[in-house]
Amino acid sequence: MLPNPISILPIEILLSTIFHQYFNSSYCLSLVSDSPLNIPIKNSFTYISPGDGELFVNQLLDVSEMGCSDYIVRMQDPKKFMAAFEKVNHLGNVRRSDRKIVFLPPEEDNKTRIDLLEVLALKESGFVANILLVLPTTELSLCSYYDLVTHKYVGPDDQVDEPYYLDRWNSCSSKFEKNANLFPHDMSNLQGKTVKVACFTYKPYALLDLDPSKEPLGRDGTEVRIVDEFCRWVNCTIRIVRDDEHEWGEVYENHTGVGVLGNVVEDRADLGITALYSWYEEFLVLDFSVSGIRTAITCVAPSPRLLASWEMPLLPFSWYMWLALFVTFIYSSLALTVAKGFSMDKVFLTTFGMMITQSQADVGASWRVRSITGWLLLTGLVLDNAYGGGLASVFTVPKYEKPINTVQDIVDRGIDWGATHDAWVFSLTLSPEPLVKQLVSQFKVSSADVMKKRSRQRNMAFSVERLPAGYFAIGDYITKDAMLDLTLMQEDFYYEQCVVMMRKSSPYTQKVSQLIGRLHESGLMLAWETQVALKYLNYEVQLEVRLSRFHKDVDNIEPLNFRHVVGVFILYAIGVMMSTVLFILEIIAQKKQIPLTLLTN
Ligand SMILES: *[C@@H]1O[C@H](CO)[C@@H](O)[C@H](O)[C@H]1NC(C)=O
Ligand SMILES: *[C@@H]1O[C@H](CO)[C@@H](O)[C@H](O)[C@H]1NC(C)=O
Ligand SMILES: *[C@@H]1O[C@H](CO)[C@@H](O)[C@H](O)[C@H]1NC(C)=O
Ligand SMILES: *[C@@H]1O[C@H](CO)[C@@H](O)[C@H](O)[C@H]1NC(C)=O
């Protein structure tokens with residue numbers, strides 16, 4: 001419904017012109033005004049009459065959550081709006097990269113003009129690309145004029161908050177003087193604006209402090225190349241922001257933090273990179289780009305060792321089989337005892353002999369004894385051959401301990417796994433699954449030195465990332481020597497999508513996401529991974545990890561050697577020792593009792 005034309009003020013005509021040109025595709029608009037505004041708007045909008053303090057923030061939050069995140073503001077104190085807007089940005093969950101804010105003058109005087117211009121100098125304004133100020137001019141004439149001003153936003157740092165004059169509107173002709181684009185900052189050319197990037201050295205995502213003679217910028221890495229490419233695309237300059245000590249860092253409850261995450265949360269950096277996964281906790285306070293690198297997290301765990309050789313004679317049969325044998329032995333002895341008319345005379349020795357296919361001196365004449373002996377001899381023959389066959393295979397094919405291949409194995413063994421930062425378990429901590437909970441409780445954070453030491457002690461698994469092009473992100477503490485005794489696990493713990501993190505509703509989000517989409521399209525990221533891996537990663541370690549599951553199978557079948565029979569000899573030695581001891585004891589005992597008999601014999 002169009003109001004009566006006579007009641008329309010010039011400013012309202014201007015507003016409706018702007019609206020039709022720039023906001024006709026806006027999902028929903030918020031009008032924030034102290035005094036009623038009269039504009040014919042076709043699409044949906046909400047009207048806010050600003051309250052005080054917290055109330056205003058809540059009003060804004062409500063409409064922002066509904067998706068009305070383009071604003072037309074007419075307030076006596078426009079700075080109050082920016083302060084509330086910034087709070088809502090942190091509280092709300094709705095994000096938009098390309099929000100627009102239009103400030104209208106509440107009054108037509110010089111003071112209003114100055115008040116509005118001060119908005120541009122606010123820190124909060126630096127995070128919104130499209131701010132349009134409609135400034136009244138005080139020229140004395142019949143017509144009123146309005147200056148349309150925004151901030152420079154792009155270009156050198158010291159000029160970004162300076163006003164940038166766009167156009168002038170004349171109320172008599174209802175025309176713009178230059179017909180300029182009133183929202184010029186579409187992020188496609190930043191004119192060398194500084195973009196601060198938080199990262200730390202973590203191969204192969206980001207490598208800093210490289211030799212400038214080899215790498216002109218002194219940095220490289222798969223994700224560093226994403227931001228470098230971004231700046232080549234939109235014409236910006238990168239400044240690296242570092243907090244190496246805290247690596248990924250963390251975000252505290254009070255919206256402060258350390259490390260990469262802290263730098264982004266506290267706006268010390270515009271973009272955060274280096275293997276930042278799409279963590280839920282972080283999503284609540286930051287913006288994510290679309291996912292770049294898909295990575296899988298697994299571990300290198302101690303390799304299974306050759307089984308000790310004394311165990312070898314036991315290996316041909318399983319424990320159940322040994323138990324069955326023992327039961328057979330007892331049962332047969334019992335049968336023989338019964339058959340012999342309940343005489344235990346040499347029963348155990350005879351049964352044992354028959355089970356290892358020894359011939360019998362004299363079975364006696366009884367048919368009962370004969371038939372039991374006969375069946376026992378047959379059983380013995382079968383068992384003996386089965387054991388012999390098993391033993392041959394145990395001797396020729398090397399036998400290893402049970403390998404650590406799955407998460408279940410790690411949990412069953414109770415072996416620690418770890419890295420230098422607990423970012424590795426951020427993705428798992430919220431899981432209610434008992435297995436995952438147990439896995440998280442076995443995670444240990446230690447310094448690189450401790451990790452290096454433990455990598456040789458066979459009591460810990462070390463997390464690594466399996467990257468999409470077939471390389472691995474491995475901590476430097478895992479050397480080639482240590483890797484000889486470690487094996488890559490078969491199962492992945494989990495996989496994650498790496499994203500670029502930004503402040504909520506950052507103007508960069510959309511552009512960065514667009515770029516990553518293009519990189520996926522072209523397959524460039526896989527190529528970069530290969531290039532970076534070949535250039536900076538320790539190729540020997542990479543190969544060791546990749547082949548760790550294979551190289552143990554090379555000498556699968558080996559000739560018999562001393563190692564195989566040591567076990568048997570150990571058993572033999574134990575037997576000999578025991579019999580010697582018994583023999584001596586027997587002599588001593590006999591001597592005491594009937595020394596004379598022994599002497600005369
Ligand atoms: C929005 O306005 C632009 C410029 O006037 C026009 O080209 C476009 O068709 C309009 N879109 C809609 C949905 O009205
Ligand atoms: C407004 O400010 C301009 C310059 O900033 C000045 O020329 C003009 O006289 C002022 N007008 C009033 C009414 O103060
Ligand atoms: C990129 O920014 C620089 C200023 O740093 C500017 O001189 C140059 O013209 C811009 N390039 C393009 C293609 O606009
Ligand atoms: C925020 O919380 C952290 C840890 O809880 C604390 O170390 C820091 O001092 C707090 N910062 C502020 C500004 O309150």
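One-based numbering, in listed order, for ligands and for the atoms of each.
A perpendicular orientation is assigned to the rings of F183 and F23, their planes being inclined by more than 60° (bins at 30° and 60°). Classified by interplanar angle (parallel below 30°, tilted 30° to 60°, perpendicular above 60°), the ring pair Y277/Y494 is perpendicular. Using cut-offs of 30° and 60° for the angle between ring planes, the Y202 and W424 rings count as perpendicular.
Near T256, with a cut-off below 4.0 Å to any heavy atom, the atoms of ligand 4 are 1 (C), 11 (N). If you number the atoms of ligand 3 from 1 as listed, the ones under 4.0 Å from a heavy atom of G192 come out as 2 (O), 5 (O).
Protein heavy atoms come within 4.0 Å of atom 11 (N) of ligand 3.
Protein heavy atom at the shortest distance from atom 1 (C) of ligand 3 is N235 ND2, 1.5 Å. For atom 3 (C) of ligand 4, the closest non-hydrogen atom of the protein is Y252 CD1, 3.5 Å. Atom 6 (C) of ligand 3 has Q191 OE1, 3.7 Å as its closest protein atom, hydrogens excluded (heavy atom only). Atom 14 (O) of ligand 3 has N189 ND2, 2.6 Å as its closest protein atom, hydrogens excluded (heavy atom only).
Note: an N/O pair closer than 3.5 Å links N254 and ligand 4 by distance alone.
Listed by first and then second residue, the salt bridge (Lys or Arg N to Asp or Glu O under 4.0 Å) pairs that reach into residues 285-298 are R95-D287, sequence neighbours excluded.
Salt bridge annotation for R503-D270: absent, with no cationic side-chain nitrogen under 4.0 angstrom from a carboxylate oxygen.
Counting only N and O atoms by type, the side chains of Q438 and Q442 include a donor and acceptor under 3.5 Å apart.
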